[in-house]
Number of protein chains: 2
Amino acid sequence: MLPTPPPRRRRKDARPGEILAAALALFGERGFSATRLDDVAARAGVSKGTVYLYYPTKEDLFRAVLRQGLIPNLEAMEVELATHQGSTAELLGLIGRRLLALMDTNLTVIPKLVLAEAGNFPALAQFYADEVVKRAMALLAGILRRGMDRGELRTIDPQDAIPSIMAPFLMMALWKHSLGQHTNLALDPEAVVAAHLQVLLHGLEKRP
Amino acid sequence: MLPTPPPRRRRKDARPGEILAAALALFGERGFSATRLDDVAARAGVSKGTVYLYYPTKEDLFRAVLRQGLIPNLEAMEVELATHQGSTAELLGLIGRRLLALMDTNLTVIPKLVLAEAGNFPALAQFYADEVVKRAMALLAGILRRGMDRGELRTIDPQDAIPSIMAPFLMMALWKHSLGQHTNLALDPEAVVAAHLQVLLHGLEKRP
DNA sequence: ATTTAATGACTGACCGGTCAGTATTCAAGG
DNA sequence: CCTTGAATACTGACCGGTCAGTCATTAAAT
């Protein structure tokens with residue numbers, strides 16, 4: 001006798017989110033081309049037909065995954081930093097804490113996915129460049145400019161300095177979903193962020 | 001009348017390199033799954049059968065592409081830095097110049113490829129973690145430790161400080177092959193490296 | 001009874017891999 | 001030099017498995 005199949009449930013409202021979460025995880029692990037829609041469906045606890053009920057094609061599913069990703073977080077940081085009154089050092093510390101919190105989240109796969117698929121999805125690359133990267137850069141540039149105006153920071157071109165500030169966070173997110181999975185070589189996010197803030201604020205060189 | 005096909009040439013010694021170069025370019029643009037062997041063959045000026053003459057499977061071709069990539073450059077830097085006698089600041093400047101030179105090379109696709117395919121090729125991820133990343137980190141950690149011993153650098157855990165130093169270079173390489181292709185938002189490598197060295201050595205903060 | 005969320009067997013295009021056949025090279029024999 | 005033919009680099013039509021996308025059917029909900 002065959003095992004009784006679990007009862008079919010109709011949950012129109014919950015499906016899209018579950019499918020998106022399953023898709024984010026699998027696209028993140030394997031990339032777009034290598035993930036099969038059957039696997040996304042299985043992980044979402046649903047059949048393939050159901051996926052097609054909510055997303056017309058695999059590409060649409062992919063776009064949906066990436067579009068709803070980082071923007072809410074970015075917006076939250078924008079308002080928080082806009083209203084914050086502390087010193088630039090405090091502001092950088094705040095950014096560090098916020099991004100550190102994101103590190104415990106599966107949103108960290110998104111940068112890897114965007115990087116990997118930019119060639120196959122130019123429109124998505126453009127979307128991310130404009131709606132995420134440019135906005136984040138503008139946010140940081142504003143902070144740096146204000147710091148210089150206040151006399152807290154040495155003068156430096158904000159555009160050129162942004163990678164020095166942001167790249168380690170990006171690197172940790174990428175690490176978590178690539179080499180970090182397959183080696184004992186560990187990056188401790190807390191320690192890295194602490195060291196990074198120290199370097200940013202004081203530099204490596206010992207004062208004379 | 002049909003156009004005369006170009007003459008077939010037998011060039012056993014030149015093929016592997018040409019195929020590898022074509023494969024590196026296409027894997028870099030599209031990722032492993034999304035690149036078709038027919039396209040690799042076409043770009044190498046060869047038929048699909050010829051590719052299989054030199055590489056038994058698509059995966060073997062992929063591994064060959066990634067294994068012959070960055071190690072020679074890393075080794076060159078290792079000996080150069082081991083014999084260098086200058087200050088830590090000079091050493092960091094040298095690293096900056098070396099990596100800046102690599103930026104004009106198509107070797108910059110390799111990090112993106114390794115990141116994107118780490119989930120599908122765990123053995124390759126391990127290889128890169130051990131043979132490239134660990135070695136590069138050991139190299140940098142050594143430089144930092146020597147700088148601290150000499151009293152040139154403030155004390156800081158070398159492991160934790162490495163992302164602050166390396167990540168911007170990685171970020172520029174990734175940028176070049178992802179968002180950089182699809183947006184006017186430009187990163188000027190020379191300016192970024194110059195700003196980065198300034199930040200590393202002196203920090204962002206103005207001296208009191 | 002009607003509506004519609006959900007299923008999963010099915011289809012067909014696509015692409016990794018094969019191999020019988022073709023073209024080039026080169027050396028030995030005339 | 002000019003054949004001849006053995007060795008082999010190279011080709012591309014073909015095969016078979018895989019997987020995105022479809023749709024007739026089932027069953028939950030109201």
Side-chain angles (χ1 to χ4, degrees), chain A residues 2-27 29-66 113 117 119-121 124, chain B residues 2-27 29-66 113 117 119-121 124:
Chain A
L2 281 101
T4 315
R8 245 189 231 181
R9 283 285 142 69
R10 299 162 52 116
R11 292 168 45 242
K12 183 182 171 61
D13 49 341
R15 297 302 190 205
E18 295 170 354
I19 293 168
L20 244 41
L24 176 62
L26 287 174
F27 286 144
E29 282 169 25
R30 309 179 187 175
F32 177 76
S33 292
T35 100
R36 279 168 260 107
L37 241 2
D38 272 314
D39 292 342
V40 173
R43 185 187 273 231
V46 122
S47 73
K48 189 165 63 166
T50 299
V51 175
Y52 277 92
L53 226 49
Y54 294 98
Y55 301 97
T57 69
K58 190 187 181 188
E59 291 200 10
D60 285 299
L61 174 61
F62 185 65
R63 277 187 278 268
V65 161
L66 290 190
L113 257 182
E117 303 296 343
N120 300 121
F121 297 89
L124 251 165
Chain B
L2 281 104
T4 316
R8 236 188 237 183
R9 285 282 143 70
R10 299 163 51 116
R11 292 165 49 241
K12 182 183 171 61
D13 50 341
R15 296 303 190 202
E18 294 170 355
I19 293 169
L20 242 42
L24 176 63
L26 287 173
F27 284 146
E29 282 170 25
R30 309 179 188 176
F32 177 77
S33 293
T35 100
R36 279 168 263 109
L37 242 2
D38 272 316
D39 292 342
V40 173
R43 185 188 273 232
V46 120
S47 74
K48 189 164 63 165
T50 300
V51 175
Y52 279 92
L53 230 46
Y54 294 99
Y55 301 97
T57 70
K58 190 186 182 187
E59 291 201 10
D60 284 298
L61 174 60
F62 185 65
R63 277 187 277 269
V65 162
L66 290 190
L113 257 181
E117 303 296 343
N120 298 321
F121 297 89
L124 251 164

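The chains referred to below are lettered A, B, ... by the order of the sequence lines, with proteins before strands, and numbering in each begins at 1.
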In terms of the nearest nucleotide of DNA chain C, which residue is placed more toward the 5' end: B/L37 or B/R9? B/L37
Could you give the [atom1]-to-[atom2] distance, from [X] to [N], as a whole number of Å?
X: A/D38; N: C/dG8; atom1: CG; atom2: P; value: 11 Å
X: A/R36; N: C/dG8; atom1: CZ; atom2: C1'; value: 17 Å
X: A/R8; N: C/dT7; atom1: CZ; atom2: C1'; value: 5 Å
X: B/R10; N: C/dT22; atom1: CZ; atom2: C1'; value: 11 Å

With a 4.0 Å cut-off on heavy atoms, is B/Y55 in touch with a base, just the backbone sugar-phosphate, or nothing at all?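 The answer is nothing, as B/Y55 stays clear of every strand by at least 4.0 Å.
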Identify whether any heavy atom of A/T35 sits under 4.0 Å from a base atom; if not, whether one sits that close to sugar-phosphate; answer base, sugar-phosphate or nothing.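 Contact class for A/T35: sugar-phosphate only.
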In terms of the nearest nucleotide of DNA chain D, which residue is placed more toward the 5' end: B/K48 or B/R15?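 That would be B/R15.
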Do [X] and [Y] have side chains that get closer than 4.5 Å, going by heavy atoms?
X: A/P16; Y: A/Y55; answer: yes
X: A/L37; Y: A/Y52; answer: yes
X: B/K58; Y: B/F62; answer: no
X: A/D39; Y: A/R30; answer: yes

At the 4.0 Å heavy-atom cut-off to chain B, mark where contacts on DNA chain D begin and end, going 5' to 3'. D/dT8 to D/dG12
Determine the minimum heavy-atom distance between A/V51 and A/I19, stating which atoms define it. CA-CD1, 4.1 Å
Checking salt bridge (charged side-chain N to carboxylate O under 4.0 Å, His left out) against B/E18, which of B/R11, B/R9, B/R43 comes through?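 Testing each of B/R11, B/R9, B/R43 against B/E18, the sole residue satisfying salt bridge (charged side-chain N to carboxylate O under 4.0 Å, His left out) is B/R11.
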